[in-house]
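Heads up: the structure comes next, in structure tokens.
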Amino acid sequence: MTNPPSLLNSEQLAAVRHAEGPLVVFAGAGSGKTRVITQRVAHLIEVEGVPAYRILAVTFTNKAAREMRERLEKLVPGQASSLWVGTFHAVCARLLRAHAEACGVKRDFVIYDDSDQKAMLTRVVRDLKLDDRRYPPKLVAWRINTAKQEGVAAEAFEPVDDFERVVHQIYTVYEQRMAASSALDFGDLIFRLVYAMRKDPALRRELQARYDHVLVDEFQDVNHVQFALVEGLCEVHRNLCVVGDDDQSIYRWRGADRRNILDFRRHFPDAKIVKLEQNYRSTQRILRVAHAVVSRNLEREPKQLWTENEEGTPVTVIACEDDRDEANTVVSAMRMLIEAGYSRNDLALLYRVHAQSRVFEEALRQANLPYRVVGGLRFYDRAEVKDLLAYLRVIHNPDDDVSLLRIINTPARGIGKTTVERVLTAAAREGWSVFAALNRAQADAEHSAGTKKKLAGFVQLIEGLRQSNAQGASPAELARTTLHETGYMEALRTEDTPEADSRIENIAEVLGSMDEFETELAEPTLSAFLERVTLETDQARTESDESVTLMTVHAAKGLEFPVVMVAGLEEETFPHRGFEQEDDPEELEEERRLAYVAFTRARERLFLSYAQVRRLYGELKFRRRSRFIEEMPAGEVHWVGLRRSAAPQSQSSFHSHDARDARDADDVRHDSYRAHTSARSASVAARSGERYVDRSVQNDALSDGIQLGMRVRHSKFGVGQVTAFTGGMPPRVTVSFADGARQIVSTYLTPA
DNA sequence: TATGATTCCATTTTT
DNA sequence: TGGAATCATA
């Protein structure tokens, strides 16, 4: 950011100083949004004299909440801690616990994450004797979550077809089971509060009197209940400030509704509107290109970013033959940029879907370029971590069925499937939690004496641990005792495999974070720890190692890098379209916004790449260049890539040329494409000494004459046709011989 | 109950 | 294609 913190432009200032009443701030990418929010909060405290504890600032991610709090710590020292700053979920959880009775929830409810929810639904679907193929938990969960986002409770759910009639049934039983487990899912955290506020005037009055000012960040991502919540909280004082950018709304698929920001004036006709259009991040060219794409959307608030920054260099479009070629070329470009003085931390590679990362990771490893991939599997999703947490949750709340079922036989203690099945049946019949059913299993004639003993042993184990908790053992102590008394650690140690070692390490990491947690809080209770662990799962690992960052465009929102490369700018890939997905203009508009988010991450340089052929689910797919590239003004784009004439065996060359040239060449290539390998063209390019990119050395090993579609001879199998390149080291190729297809190391083949 | 075989599936992801 | 999840079988 080039704007010094103390200097605000006039729009920013207007947003900061607005005193009372509703306010919408349209904050474009890189327009200093966070600064405006924090300055505004500081202004409210210091100038308007609003007590800090009467200000609520809501964000979507913990990272954003943390950042805001840190910045405010500096702006208004000593006061930041009494501010209400947090995610929707964290704030609601806190309010729900404070008003548990009025909200109809247990004060010590546990929070179920998506996988817990899925586990619960699997059980419900099975208990209802429904076909889990027709009602996959994932789909049912989606429908229930949507209902909660729309503020529709189970009893108010109105099915529109047969499927939904069953969903309604599942939803109802699910809610019963959740209540029996004293559990709330993520959707409940917000919905329950809104629901209670709607039904209970006393509670509504109390909550409406709680804050003087409410601020919401990323308002374009708000869903219906969330909107209802803030609207409800502000109904009396109407001091609601929302900040967002409809052009950066990329979470429609999880309930975000841009109309909440677009139609804000409909709900609050007297709302003051501020547009932050000055960008402090990117070059003019980057902004023009980004605007060219997003401004095609029909339903958007008119606005255009501008900047006093430099004109900058043209956006570079890299045309590639296939995905491996793309990876190698992009990585070579990265190396050149690093040689030119950029640090690895300056570089980010963005892609639309995670699956694209693989090829790039390979290429980066080959090139010895350190990288980190953001996203993917999360630490708290690892089995051993979940196991330990499940124990802790059962200790905290033995009625937590999902957690209990997870650990009832982990490590193996002879409580098998049949036994569990019997216990579950009893629980379902009597409406007990599983733990309650276990406690009564001794009277159940169905169990053998041996089984009863094992069940009693398990109950005793849990009761013992619960006692330690009641006697004031700290969470970390409890965890250590648990690992010891359950034999969990012992089981891992005796395994003595590298996997078990890494599990032990992961558990050690959890224990470490628990120790840390205990030093942070005055009262580090088990329940506080559990809440933190389910609610604060963000990926924000701050690895200081110099490395290139790889992530999805979604994950990049809110970040910025001097150099951004966006891969896979092809139809179907970006804009993405899943198979059998009909064309939905709404979807396309969201893809445009996604592209806009991607492009505006770049400060100085933006590279876009595409491949003409992409390997997808094991098949080669021809790809057309993304319409987003076509939509860019020709003068803004610098083309780099392969060009070949129509003759199949002709020379390839790698050079830069202008847009028209590239387009023509592209058409030709499309018709005549014979699926040359990246390797082939790379080596040809290297030999012909074309400028710009020195293709990586490993490709030469893959080349020499072998091409897709070509007839080849193998000493043992005879003559066949090359149908695919598999890659790897040593490079392999799929050849279909008379008696079937085989994978062959390409060096054993000669052209036939 | 553990392991290999088989089947199924496949944006985006935070809370 | 590849991975996760489920199934089958000793």
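We use all heavy atoms of the structure for the numbers below, so side chains are in, but hydrogens, waters and symmetry mates are not. Note on naming: letters A, B, ... go to the chains in the order of the sequence lines (proteins, then strands), and numbering restarts at 1 for each one.
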Value in whole Å for how far the P atom of C/dT6 lies from CZ of A/R133: 11 Å
Sugar-phosphate only, base, or nothing, as touched by A/E218 at under 4.0 Å among non-hydrogen atoms: nothing
First of A/K138 and A/I415 reached from the 5' end of DNA chain B, by closest nucleotide: A/I415
Touch class at under 4.0 angstrom, heavy-atom based, for A/F186 against every strand present: base
Interatomic distance where CD belongs to A/Q226 and C1' belongs to B/dT14 [whole Å]: 10 Å
Nucleotide C/dT1, atom P - distance to CG of A/D322 in whole Å: 16 Å
Ring-face cation of A/R94 near A/W84 (centre distance under 6.0 Å, axis angle within 45°): yes
Closest to the A/R254 side chain, choosing from B/dA10, B/dT13, B/dT15: B/dT13
Atom-to-atom span, NE2 of A/H354 to C1' of B/dT12 - whole angstrom: 10 Å
Atom-to-atom span, NZ of A/K417 to P of C/dC7 - whole angstrom: 8 Å
Six-ring centre of A/F109, A/R97 cation under 6.0 angstrom, axis tolerance 45°: yes
B/dT13 OP1/OP2 closer than 4.0 Å to side-chain N/O of A/R252: no
OP1 or OP2 of B/dT15 under 4.0 Å from side-chain N/O of A/T534: no
Sugar-phosphate only, base, or nothing, as touched by A/R352 at under 4.0 Å among non-hydrogen atoms: base
Candidate nucleotides B/dT13, C/dG3, B/dT14, ranked by approach to the side chain of A/T552 - the nearest: B/dT13
Given DNA chain B, 5'-ward residue of the pair A/H89 and A/I250, judged by closest heavy atom: A/I250
Short side-chain N/O contact to B/dT14 OP1/OP2 from A/N62, under 4.0 Å: no
Length of the NZ-P vector between A/K118 and B/dC9, whole Å: 12 Å
Touch class at under 4.0 angstrom, heavy-atom based, for A/D113 against every strand present: nothing
A/F163 ring center near A/Y135 ring center (under 6.0 Å): yes
Closest non-hydrogen atom pair between A/L193 and A/C92, with its separation: CD2-SG, 3.9 Å
Face-on cation placement of A/R192 at A/Y195 ring, 6.0 Å and 45° thresholds: no
Residue A/R358, side-chain atoms from C-beta onward, closest of B/dT15, C/dG3, B/dT13: C/dG3
pi-stack flag for A/H576 and B/dT11, centroid dist under 5.5 Å, interplanar under 30°: yes
Sugar-phosphate, base or nothing in reach of A/N409, heavy atoms under 4.0 Å: sugar-phosphate
Side chain of A/Y617 (C-beta onward), nearest among B/dT15, B/dT12, B/dT11: B/dT11
Integer-rounded Å distance: B/dT12 C1' and A/Q220 CD: 15 Å
Face-to-face contact A/Y251 to B/dT12 six-ring, under 5.5 Å, under 30°: no
Length of the line joining A/N145:CG and B/dT14:C1', which is rounded to integer Å: 12 Å
Interatomic distance at C1', B/dT12 relative to C/dA5, whole Å: 22 Å
Geometric class of the A/F360/A/Y351 ring pair [parallel <30°, tilted 30-60°, perpendicular >60°]: parallel
